[in-house]
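Below is one structure; the comments refer to it alone.
Throughout, a chain's letter reflects where its sequence line sits, starting with A, and its residues are numbered from 1. When reading the values below, keep in mind they use all heavy atoms of this one structure, side chains included, and skip hydrogens, waters and symmetry mates.
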Amino acid sequence: MEAKKIRSTFIEFFQSKQHQYVPSSPIVVKNDPTLMFTNAGMNQFKDAFLGNEIAKFPRVANSQKCLRVSGKHNDLEEVGVDTYHHTMFEMLGNWSFGDYFKKEAIEWAWELLTDVYGLSADRLYVSVFEGDKGDNLEMDREAFELWKAIVPEDRIIMGSKKDNFWEMGDTGPCGPCSEIHVDLRSDAERASIPGKDLVNNDHPQVIEIWNLVFMQFNRVADGSLKSLPATHVDTGMGFERLVRAIQHKSSNYDTDLFTPFIAELEKKSGKSYGENEQTDIAFRVIVDHIRAISFTIADGQIPSNNKAGYVIRRILRRAVRYGYTFLGFNEPFLYELTPMIASNFGDIFPEVRQQQEFISKVIFEEETSFLRTLANGLKILDQIKSELKAKNENVIPGKTAFELYDTFGFPLDLTSLIAREHGLSLDEAGFALEMEAQKNRSRAASESETGDWVMVHEDEGVEFIGYDFLKSDSNIVKYRVISDKKGDRYQVVLDKTPFYAESGGQVGDTGWLISDSEKIKVVDTKKENDLIVHFVEKLPKSPEKQFSAEVDQHRRSLTMNNHTATHLLQSALKSVLGDHIQQRGSLVNDQLLRFDFSHFGKMTEEEIEKVENLVNAKVRENIPLVERRNVPIEEAKSLGATALFGEKYGEFVRMITFDSSYSVELCGGTHVPSTSQIGLVKITSEGSISAGVRRIEAITSVAAEAYLREQEQLLKEIQELLKNPKDVKKAIEALLDERNSLKKEIEGLHLEKASGIKSELLKQFQRKDDLNLLIAKVELPNADSLKKLAYELKNEVENAFVILAAAIEDKPQIAVIIEDSLVGSKNLNAGSIVRELAKEIQGGGGGQPFFATAGGKDLNGLDRVVLKAKELFG
RNA sequence: GGGGAUGUAGCUCAGUUGGCUAGAGCGCUUGGCUGGCAGCCAAGAGGUCGUCGGUUCGAGCCCGAUCUUCUCCA
C-alpha cells in the first residue's frame, strides 16, 4: 500500500466512525512562549484538554505536521544516523473530547491495524500501565481487560509510569496510556529471541507505532491527581513508522515517503544509496531535512539568526554540510528537491504546493549564503594551518576551532575532518570548554523567573469585548510577577476585557485599570495561547476590587487606521503586481504600518505610485466596514476571503470586508467603521528583507499629513535659501556645477601657489658636503600640501635633506624629509630630528627615518625651529 | 536577549606596533596595437576609509556610542 493511501485510509476509517477530519495546524507555533514548533498531534487541542475552550467536535481525526529537534531521542545531530528518527514527521491521531473512551479507542486501533492495514497480529505487542505507588495509582485494569479480549495475554506488557503514564507538563491533564509495538524482524530472528523482550529497548526493528492516551486526571500544583469531570482520548501514531511496518521495510527511509527523494539525490550526486555507511547517513539527513525545511518555510518561518528561524537555518545547514562533505555537492542542490516535496505532499498539505516557487527561492538563497560561509571558513582554516606549520605544531587549539565555529559559522566536524586530512588533530576538550562558557553566558543573560499565578476571582471563560467596547467593568481573575535582569514585570488577567492582545501584526492595546482607590497603567497586552494578558506598571494594592478597564482610545483609533490601510494595501498590491502576492508578516501600530509580502524583484516607482493611488481611491470611496463574526471557515473561503498560510484558524472565523469585490480577509484585528476615516495613506519605503520577500512601510491620517507638511516645509526652506528660484532643481544643479568648478579652480591655485613656493625653495638649496640642504619657513593652506611639497622637493633634488617649518591655518607644523640613501650613509633620522625641533613649538611628532612630521601649539616658535635647524645642520 | 566578527574604489579584497602621497585584481572611460577563446599595451576617471564623538602633533588603524551585515549561544 502506498503512503498516500495509508494516510487517506486512516482518515477515512475514522470518518466512518463519525470523526471529523481536521487539517493539520501550522508547524510553526504562535502565541505560546513555551513552544516554537508543533511537536505533537495534541498541540492544537491543548486548550480543549485544559478546559480553556470547549471542543468544537467530540470526535476528531487528523494528520499533524510535527517538528522535533531536541529531546532525549530527537537530538538534531542524531537524525539520519539511525533509520527511524526524523526532524519533521506526521502524527496521525484520533481524538475524543469527553466522548468515547478506552473501549472504542482500543478496539478501533486494533481493527485498523490488523483488518484494514493487514498487519499480522503475531507481530504486534501492546502495553498497559502497571500502576504507580507514588501516585497511588492501580494498574489500568480496564485497558488490560479490553486488550485481553483481543490478544493473547502473553502479548500484553506491563509498563511503568515512565513509559505508560502520559503527562502534558508539570501540571495539567494526564492519564495512563497503552502503546502498540510492532516487531519487524525476520522470522528467523523472531524465533530466536521473542519480540516481547525487545519492546521499549531501543531495538531498531521492534518499535512503538501507536500510543493511545486516556486522559482521566488533572495534575494540580501540589503534585496530586484529581479526576477529570470528562475523560478524553488522545492518540498518536508516527506515520513514517506505520508506512514502514505496512510496507515491510527495515528502515523508514526505504518507504515510498523517502525513496523518490533518495533516487533523485542518487541521480544528482552520481552516488548510490546503500553502499557506504557515511554516504548513506548523508542521504538520510538530506531527505529528512528537506521536508522539515520546506514545511516550516511554507508555514511562514524563514531561516534567520534567532529563535525558530535559527532552528530552521541549523537544519538546512546540516543538510548542506552532509551533501557537501559526503555527496560532493559544491553548489546549491537542496532547492531542487522542492518540486518533489510539492508533488508528493501537496494533496494533503496544499501549502507546500502553492508556495513551491517561494520555498525553493528561499532555500536557494540560504544555501548560497552558507556555501559562502564555508568558503570563507576554509580560507581562515588555511591560514590557521600554515601558522601551525610555521610553529611546528600539529594540534588546532580548542579556542581557535571555537572561534572558527562561533564567529565564522564554520562547522566543527568539517574543521576536524580537514585537520585529519592534513595530519593535524583538534583539541576537542578545549572546544567543549569554550562552548560551555558561551552557553553559560547566554543563560545568565536571559535568566528569568516566572512567578505563580495568584488567583483573585475564580472565573472560567475570559472574554474579549474590545470589538464593541473600549471600556468595561472588570474583575481581576489572576496576576503574577515575572522577573529577569531588567527587573520585574507584572501581568494581570481580567474576566472580560476591551484590551486587544497583540495578534495578526496589530500591537496590543494600552490604557488603564481604574478602581475607586487606584489607577494603574496598562503598558501592553499580549496573548498566551488563548489567554489575554495585560502587562501593568504595578500590581494593584486591592486586586479584589472592581476595575474599570479603559483602552487608550486615541492610540487604538490610530492603530485601526493603519490596520484597515494594510488590508486596502494588500488588495492593491495584488491588483497591481499579481495574484502571487502573499502576506509574509505585518506590523500595525499607532505610528505606521509595515507589510511584508512575497514578490520577486524591486517595485518600480510607477508600481508604488499605482498602489498608493489605488489605496487612496478606496479611502475616498468611504467604504463601510462589513464585519462578520463566527462565519464557518468553508463559507468564508468560498466568498474568496484571503487567509494566511501558517495561521491557525478555528472552524469559525471573523471576516473583514471592505467592498466585497475588493478586500475580504480573515482577521481578528480592529478596523475603522469606514475607510474615509483613514484620511490619507502615504507609502514611505519599499525594500527587501530576505529572498523573495519585500517590505512596504506606510503611514496614514495625521502621521501622513505631518509627513507631507514636513516635506513641504523642507522644500520651502530650500527655496528661500536659494532666493525662490523658478526651478529649484535647476538652481541646485547649477549650484553644484559651480561648486565643482570652483573647487577645481582652488586646487589649481593652491597648486600654483605651491609651485611658486617650490620654485622659490628650489633656489634656496645649499650644497653641504655631498648633500643638498634646505631649511625654510613657509606658509601653506593645509597639512596635505606640506607633505606633497616635501615629497616633490625630494623627488626633484638629488640627495635632498629638507626641513620645513610651516604655518598652516595658524598652527605650526614641521616636516623633515631625507633622501633614502642618506638615511643610512649619513646616519640621519628624520623622526628624531623632527622630535628635537618640535620642542620649540611645544609639540611632538614622528614618522619614519626618511620622512617625519610634527605639529605643535606655539606658532611663534617656528622661527626658533629654523634657527635651531641651521645651528644643527647649517 | 547575550557573545564574537564585519563595514576601505562599481565588485572582491590588501593595508604590520598610529607616521610610504590610501593600494591590488576585476570592471569602467579614452587612445593605440591585434585573426585566437578572460586579447594585448598605455593613459585616465573613480574613495566623507559605515556614521557621530574622543585621544594624539598626526587616526583607515586606538577609545566610546550608534547603525549595517555575518555568526554562535539562549
Q: Between A/Ala852 and A/Arg313, just flag the one whose closest nucleotide in RNA chain B comes earlier from the 5' side.
A: A/Ala852
Q) Hey, which of these two, A/Thr853 or A/Glu403, hits RNA chain B nearer its 5' end, going by closest nucleotide? A) A/Glu403
Q) Do A/Leu761 and A/Leu804 touch side chain to side chain, with heavy atoms closer than 4.5 Å? A) yes
Report the nucleotide, chosen from [options], that has the shortest atom-to-atom distance to any side-chain atom of [X].
X: A/Met435; options: B/rC70, B/rG4, B/rC72; value: B/rC72
X: A/Lys439; options: B/rA5, B/rC70, B/rA74; value: B/rA74
X: A/Ser442; options: B/rG2, B/rC72, B/rC20; value: B/rG2
X: A/Tyr405; options: B/rC72, B/rU71, B/rA74; value: B/rC72
X: A/Lys307; options: B/rC70, B/rA74, B/rC72; value: B/rA74
X: A/Lys787; options: B/rG2, B/rA74, B/rC20; value: B/rC20

Q: For the pair A/Arg317 and A/Glu367, find out whether any cationic side-chain nitrogen is under 4.0 Å from an anionic carboxylate oxygen.
A: no
Q: State the CD-CZ distance between A/Gln438 and A/Arg443, to the nearest 0.5 angstrom.
A: 11.0 Å
Q. Roughly how far apart are A/Ile608 CD1 and A/Ile683 CD1, rounded to 0.5 Å?
A. 6.5 Å
Q. Are A/Thr407 and B/rG3 close enough that a side-chain N or O sits under 4.0 Å from OP1 or OP2?
A. no
Say we look at [N] and [M]: how far apart would their [atom1] atoms be, to the nearest angstrom?
N: B/rC49; M: B/rG18; atom1: C1'; result: 15 Å
N: B/rG50; M: B/rA38; atom1: C1'; result: 34 Å
N: B/rG44; M: B/rC63; atom1: C1'; result: 40 Å
N: B/rC40; M: B/rC57; atom1: C1'; result: 49 Å
N: B/rU55; M: B/rA74; atom1: P; result: 42 Å
N: B/rC67; M: B/rU51; atom1: C1'; result: 7 Å
N: B/rU30; M: B/rG35; atom1: P; result: 23 Å
N: B/rA24; M: B/rA45; atom1: P; result: 13 Å

Give one of base, sugar-phosphate or nothing for [X], where a contact means two heavy atoms less than 4.0 Å apart.
X: A/Gly855; value: base
X: A/Arg441; value: sugar-phosphate
X: A/Ala854; value: base
X: A/Arg835; value: nothing

Q) For the side chain to side chain contact (heavy atoms under 4.5 Å, CB included) test, which of A/Thr525, A/Val523, A/Thr510, A/Asp524 pairs with A/His534? A) A/Thr525
Integer-rounded Å distance: [N] [atom2] and [X] [atom1]:
X: A/Phe370; N: B/rC72; atom1: CZ; atom2: P; value: 8 Å
X: A/Leu316; N: B/rU71; atom1: CG; atom2: C1'; value: 15 Å
X: A/Arg695; N: B/rU68; atom1: CZ; atom2: P; value: 12 Å
X: A/Lys379; N: B/rU6; atom1: NZ; atom2: C1'; value: 13 Å
X: A/Glu77; N: B/rC72; atom1: CD; atom2: P; value: 12 Å
X: A/Leu837; N: B/rG58; atom1: CG; atom2: C1'; value: 17 Å
X: A/Arg372; N: B/rU71; atom1: CZ; atom2: P; value: 9 Å
X: A/Asp406; N: B/rA74; atom1: CG; atom2: C1'; value: 13 Å

Q | side-chain contact (heavy atoms from CB on, under 4.5 Å) partners of A/Thr684, counting only residues at least two apart | A | A/Glu697, A/Ile699, A/Tyr707
(Q) Both atom distances under 3.5 Å, Watson-Crick or G-U wobble: I'd like the secondary structure of RNA chain B as a dot-bracket string, with | for pairs made across strands. (A) (((((.(..((((.....[...)))).((((((.....)))))).....(((((..]....)))))).))))).
Q) Are A/Arg321 and A/Thr325 linked by a side-chain donor-acceptor pair shorter than 3.5 Å? A) no
Q.
Check whether A/Thr38 reaches the backbone of A/Pro26 with its side chain - one donor and one acceptor, N or O, closer than 3.5 Å.
A. yes
Q.
Once you measure the plane-to-plane angle for A/Phe333 and A/Phe329, does it fall in the parallel (<30°), tilted (30-60°) or perpendicular (>60°) bin?
A. parallel
Q | Heavy-atom donor-acceptor pair, A/Gln813 side-chain to B/rC57 base, under 3.5 Å | A | no
